[in-house]
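Not measured: the values here are computed from a predicted model. Labels below follow one simple rule: chain letters A, B, ... track the order of the sequence lines, proteins then strands, and each chain is numbered from 1.
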Amino acid sequence: MSATDSPVSSNFIRHIIAADLAVNKNQGKVATRFPPEPNGYLHIGHAKSICLNFTLAAENNGTCNLRFDDTNPEKESIEYMEAIERDVQWLGFKWAGKYHASDYFEQLYSYAVQLIEQGDAYVDSSTPEQMRADRGSLTEAGKESPDRSRSIAENLDLFTRMRAGEFADGQYVLRAKIDMASPNINMRDPTIYRIRRVHHQRTGDAWCLYPMYDYTHCISDALEGITHSICTLEFEDHRPLYDWVLDKLQTPCHPQQIEFARLQLEYTIVSKRKLLQLVTEKHVSGWDDPRMPTISGLRRAGFTPEAIRDFCERIGVTKNDSWIEMGVLENCIREDLNERAPRAMAVLRPLKVVISNWDEAKTETYHIANHPQKPEFGSREVSFSKTLLIEQDDFMENPPKDFKRLVAGGEVRLRGSYVIKCDEAIKDAAGNVIELHCSIDPATLGKNPEGRKVKGVIHWVSEQHSVPAELRLYDRLFSHPNPDTLNNFLDGINPNSLDVLSDCRVEASLLNATPDTCYQFERTGYFCADYVDSTPEKLVFNRTVTLRDSWGK
RNA sequence: UGGGCUGUCGCCAAGCGGUAAGGCACGAGGUUUUGAUCCUCGCAUACCUAGGUUCGAAUCCUAGCAGCCCAGCCA
């Protein structure tokens with residue numbers, strides 16, 4: 001709904017594709033790919049890329065592949081691959097084909113041999129330190145390695161033996177022979193193969209030689225017939241290398257690399273290294289902690305795929321270095337959930353209310369609408385009895401002037417029920433209000449009282465008809481708008497990012513709540529049953545987002 | 001200070017030589033048995049700056065200024 005209904009505005013990539021289609025470039029085909037490295041969980045920044053690639057393809061009757069960029073087995077794992085597939089599917093996308101860079105290892109190797117034969121690559125024995133020194137600086141040209149002039153025959157022999165495992169890790173690398181004086185450092189004879197005896201999650205121990213990203217990515221794109229290879233801005237400087245490799249080789253096609261600005265969201269981080277650190281150091285409960293900006297964290301918090309897709313469409317696609325306010329994401333989920341979430345009543349911090357003019361044994365049951373604007377949502381039964389529970393915050397002894405809830409001697413509407421009047425506040429020895437004695441106006445069920453106006457409406461549950469629940473109130477993980485700018489990003493962590501309320505009472509209809517359904521607990525926020533911890537015996541709800549509150553207390 | 005890229009409302013963002021879309025935020029009203037939702041209205045004589053070309057410039061030219069990215073055998 002929200003994802004497909006939101007106005008689609010143009011962006012520079014849509015323009016490029018439209019222009020290409022207009023001149024029948026690539027035979028009018030559009031083929032994209034989403035190329036994650038399986039070294040962590042997908043986050044909201046990936047969602048932007050996923051939505052971009054998949055929708056661009058879909059809009060143009062094209063295809064979008066899922067391709068794992070698994071060229072660095074040291075950091076990658078099957079667990080991450082499975083999580084990535086799950087998250088992409090959950091977001092609502094279907095890939096045309098699922099591939100791995102490792103599927104192309106053999107072809108990549110042949111192409112490398114070809115480069116050597118053409119005199120476009122050489123085996124270098126420089127140490128990493130030496131290579132760094134020889135690379136020059138931003139303002140000075142680099143120095144050529146002595147090995148740069150090695151004969152083709154010798155390069156071929158050495159490269160064959162590198163693959164055969166005759167050398168130690170790091171002893172040799174294969175380098176593209178380009179230009180050590182290039183103003184673009186990526187063109188100063190970049191390494192394209194390194195020796196690394198690491199077990200690969202898919203190819204096992206078949207290889208001790210692994211290709212580098214720059215060399216692998218462009219060829220993988222070409223082999224898959226990708227037309228538009230969309231990536232983030234930091235790869236802009238790599239485009240000449242992308243094109244150089246494909247120009248040197250006879251690949252099936254030469255995709256066009258297009259770069260866009262990665263998502264930057266206030267009060268969060270999306271560095272995989274830092275997200276991993278949050279997990280391993282237990283600052284959060286896991287990759288799917290509801291405070292994590294990961295797709296799985298957002299899902300567990302109660303976000304919907306539609307809201308995330310809507311968000312990705314709203315923030316746009318440009319090359320600008322921009323920061324998105326959290327409010328934009330929050331607005332997307334509120335807007336979606338306002339439409340689809342059934343309403344219910346939950347009391348977070350209960351305060352006992354005894355109705356003095358109500359019989360102990362009497363119970364009344366009402367049908368309350370599940371959605372105020374959508375009758376098709378139906379209704380559920382809510383019981384009323386002598387002892388009720390309301391929110392502690394909804395009663396004040398010394399209220400500010402504009403307080404429109406319950407006060408001593410005042411009246412308030414119980415949502416879906418009677419208007420009650422507070423006759424007396426009972427306190428404990430310390431002076432805390434522990435119970436209220438109230439009386440109902442029997443003439444106010446389903447109609448307004450005569451001769452006076454009752455402004456306030458509060459939520460409530462019947463003590464004996466409600467059930468206990470734990471509510472986890474999540475807030476943003478960081479209190480600093482840009483934790484990355486801190487010396488230690490952990491210093492930006494919000495110490496109050498989680499408030500666990502274990503003595504909440506919710507209406508009995510919530511007993512069969514499942515994580516698939518997000519509820520609006522009226523006047524408090526949107527909540528979703530926790531898929532890990534919630535059971536009928538012990539209900540646990542996660543707060544997705546609060547309701548907008550213009551009272552600003 | 002080499003190379004690449006970017007500068008339109010508080011935050012995003014359309015615009016592509018014909019006289020500043022839209023969203024979020026914010027402000028003012030209205031409806032409401034959620035201080036929610038919904039509705040109405042308001043919100044850039046102005047497009048980083050300075051010159052220039054033009055009948056006409058955010059859009060073209062020139063010169064500045066500011067910010068981001070790059071020196072992994074990471075992606």
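With sequence neighbours excluded, the residues that form a side-chain hydrogen bond (donor to acceptor under 3.5 Å, both in side chains) with D394(A) are R405(A), R523(A). Every residue meeting the side chain to side chain contact (heavy atoms under 4.5 Å, CB included) condition with S49(A), not counting sequence neighbours, appears here in chain and number order: F34(A), N53(A), F260(A). With sequence neighbours left out, the salt bridge (Lys or Arg N to Asp or Glu O under 4.0 Å) criterion links E259(A) to R239(A), K319(A). In this structure E450(A) satisfies the side-chain hydrogen bond (donor to acceptor under 3.5 Å, both in side chains) test with no other residue, sequence neighbours excluded.
With a 3.5 Å ceiling on both atom-pair distances, the Watson-Crick or G-U wobble partner of G64(B) is C48(B). Applying the Watson-Crick and G-U wobble criteria (two distances, each under 3.5 Å), G2(B) pairs with C70(B). Pair assignment for C26(B): G42(B), on the basis of Watson-Crick or G-U wobble contacts that are both within less than 3.5 Å. A 3.5 Å limit on both hydrogen-bonding distances identifies no Watson-Crick or G-U partner for A36(B). Remark: U53(B) base-pairs with no nucleotide; criterion is Watson-Crick or G-U wobble with both hydrogen-bond distances under 3.5 Å. Figure legend. U31(B) is base-paired to no nucleotide; pairs are counted as Watson-Crick or G-U wobble with both atom distances under 3.5 Å.
The residue M345(A) sits apart from the nucleic acid: no heavy atom pair falls under 4.0 Å. Residue-level contact check: L233(A) touches neither bases nor backbone, having no heavy atom under 4.0 Å from any strand. At a threshold of 4.0 angstrom between heavy atoms, the contacts of K319(A) are confined to the sugar-phosphate backbone, with no base atom among them. Contact annotation for G136(A): base contact, defined as any heavy-atom pair under 4.0 Å involving a base atom. Contact annotation for K447(A): base contact, defined as any heavy-atom pair under 4.0 Å involving a base atom. Nucleic acid contact class of D237(A) (heavy atoms, under 4.0 Å, all strands): base. Contact annotation for G456(A): no contact, since no heavy-atom pair falls under 4.0 Å across all strands. Among the heavy atoms of the strands lying under 4.0 Å from T127(A) is at least one base atom, whether or not backbone atoms are also near. Within 4.0 Å (heavy atoms only), F235(A) reaches at least one base atom of the nucleic acid. Nucleic acid contact class of E266(A) (heavy atoms, under 4.0 Å, all strands): none. Contact annotation for H238(A): base contact, defined as any heavy-atom pair under 4.0 Å involving a base atom. Nucleic acid contact class of P372(A) (heavy atoms, under 4.0 Å, all strands): base.
Stacking of R163(A) on the aromatic ring of Y109(A) is recorded, both the 6.0 Å distance cut-off and the 45° axial limit being met. Within the cation-pi definition used here (under 6.0 Å to the ring centroid, within 45° of the axis), R476(A) qualifies as a partner of Y267(A). Cation-pi geometry between R415(A) and W460(A) is not satisfied (NZ or CZ under 6.0 Å from the ring centre, within 45° of the ring normal).
To the nearest angstrom, P of G7(B) lies 18 Å from CH2 of W323(A). Taking atom CG on D189(A) and atom P on C70(B), their separation rounds to 21 Å, with Å as the unit. Between the CD atom of E507(A) and the P atom of U34(B) there is a distance of 16 Å, rounded to whole Å. The CE atom of M212(A) sits 7 Å away from the C1' atom of C74(B) (whole-angstrom rounding). Between the CZ atom of F12(A) and the P atom of C5(B) there is a distance of 12 Å, given to the nearest Å. Between N39(A) atom CG and C74(B) atom C1' the separation is 9 Å, expressed in whole Å. In this entry the distance linking CG of D214(A) with P of A71(B) reads 11 Å, nearest Å.
Lacking a ring centre under 5.5 Å from that of the base six-membered ring together with a plane angle below 30°, Y213(A) does not count as stacked on A75(B).
Using the six-membered ring where Trp is involved, Y366(A) and Y418(A) have ring planes that are perpendicular, over 60° apart on the 30 and 60° scheme.
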Between the protein and nucleotides 8-10 of chain B, which nitrogen or oxygen pairs are less than 3.5 angstrom apart?
{"residue": "G10(B)", "atom": "N2", "partner": "E325(A)", "partner atom": "OE1", "Å": "3.4"}

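Nucleotides A28(B) and U33(B) place their C1' atoms 25 Å apart, quoted to the nearest Å. The gap from the P atom of U49(B) to that of C9(B) amounts to 10 Å, rounded to the nearest Å. U53(B) and U62(B) have their C1' atoms separated by 11 Å, given to the nearest Å. Atom name P, nucleotides C74(B) and C61(B): the rounded distance is 42 Å, in whole Å. C38(B) and C48(B) have their C1' atoms separated by 40 Å, given to the nearest Å. As rounded to the nearest Å, A20(B) and A57(B) have P atoms that lie 12 Å from one another. Separating the C1' atom of A44(B) from that of C12(B) is a span of 15 Å, rounded to the nearest Å. A gap of 15 Å separates the P atoms of C24(B) and C41(B), to the nearest Å.
Taking only distance into account, the side chain of R523(A) never meets the base of U34(B) through a donor-acceptor pair shorter than 3.5 Å. At a cut-off of 3.5 angstrom, the base of G35(B) holds at least one donor-acceptor pair with the side chain of R405(A). Between the side chain of Q373(A) and the base of A36(B), at least one donor-acceptor pair of N or O atoms lies under 3.5 Å. Residue R196(A) places a side-chain atom within donor-acceptor reach of the base of C73(B), judged by atom type and a 3.5 Å distance cut-off alone.
Between E236(A) and L233(A) there is a side-chain heavy-atom pair separated by less than 4.5 Å.
Toward the 5′ end of RNA chain B lies the nearest nucleotide of G327(A), the other residue of the pair K75(A) and G327(A) mapping further downstream. Along RNA chain B, the nucleotide nearest H15(A) and the nucleotide nearest Y193(A) are compared for position; the residue whose nucleotide lies closer to the 5' end is H15(A).
Screening residues 319-347 of chain A for ring pair (Phe, Tyr, Trp, His ring centres under 6.0 Å) gives no qualifying pairs among residues at least two apart or on separate chains.
A donor atom on one side chain and an acceptor atom on the other are found under 3.5 Å apart for D336(A) and T304(A). Using modelled atom types and a 3.5 Å distance limit, the side chains of R505(A) and S466(A) yield a donor-acceptor pair.
Contact annotation: R135(A) side-chain N/O to C73(B) OP1/OP2 distance is under 4.0 Å. At G72(B), none of the side-chain N or O atoms of R194(A) fall inside 4.0 Å of OP1 or OP2 (strictly under the cut-off). OP1 and OP2 of U34(B) both lie 4.0 Å or more from every side-chain N or O belonging to R334(A). For the pair S550(A) and A36(B), the criterion of a side-chain N or O lying under 4.0 Å from OP1 or OP2 is met. For A75(B), one of the phosphate oxygens OP1 or OP2 lies less than 4.0 angstrom from a side-chain nitrogen or oxygen of T71(A). Look at T139(A) and you won't find any side-chain N or O under 4.0 angstrom from OP1 or OP2 of U1(B). For the OP1/OP2 pair of G2(B) and a distance below 4.0 Å, the side-chain nitrogens and oxygens of S137(A) include no atom meeting the criterion.
Among the nucleotides C5(B), U34(B), G67(B), the one closest to any side-chain atom of D321(A) is G67(B).
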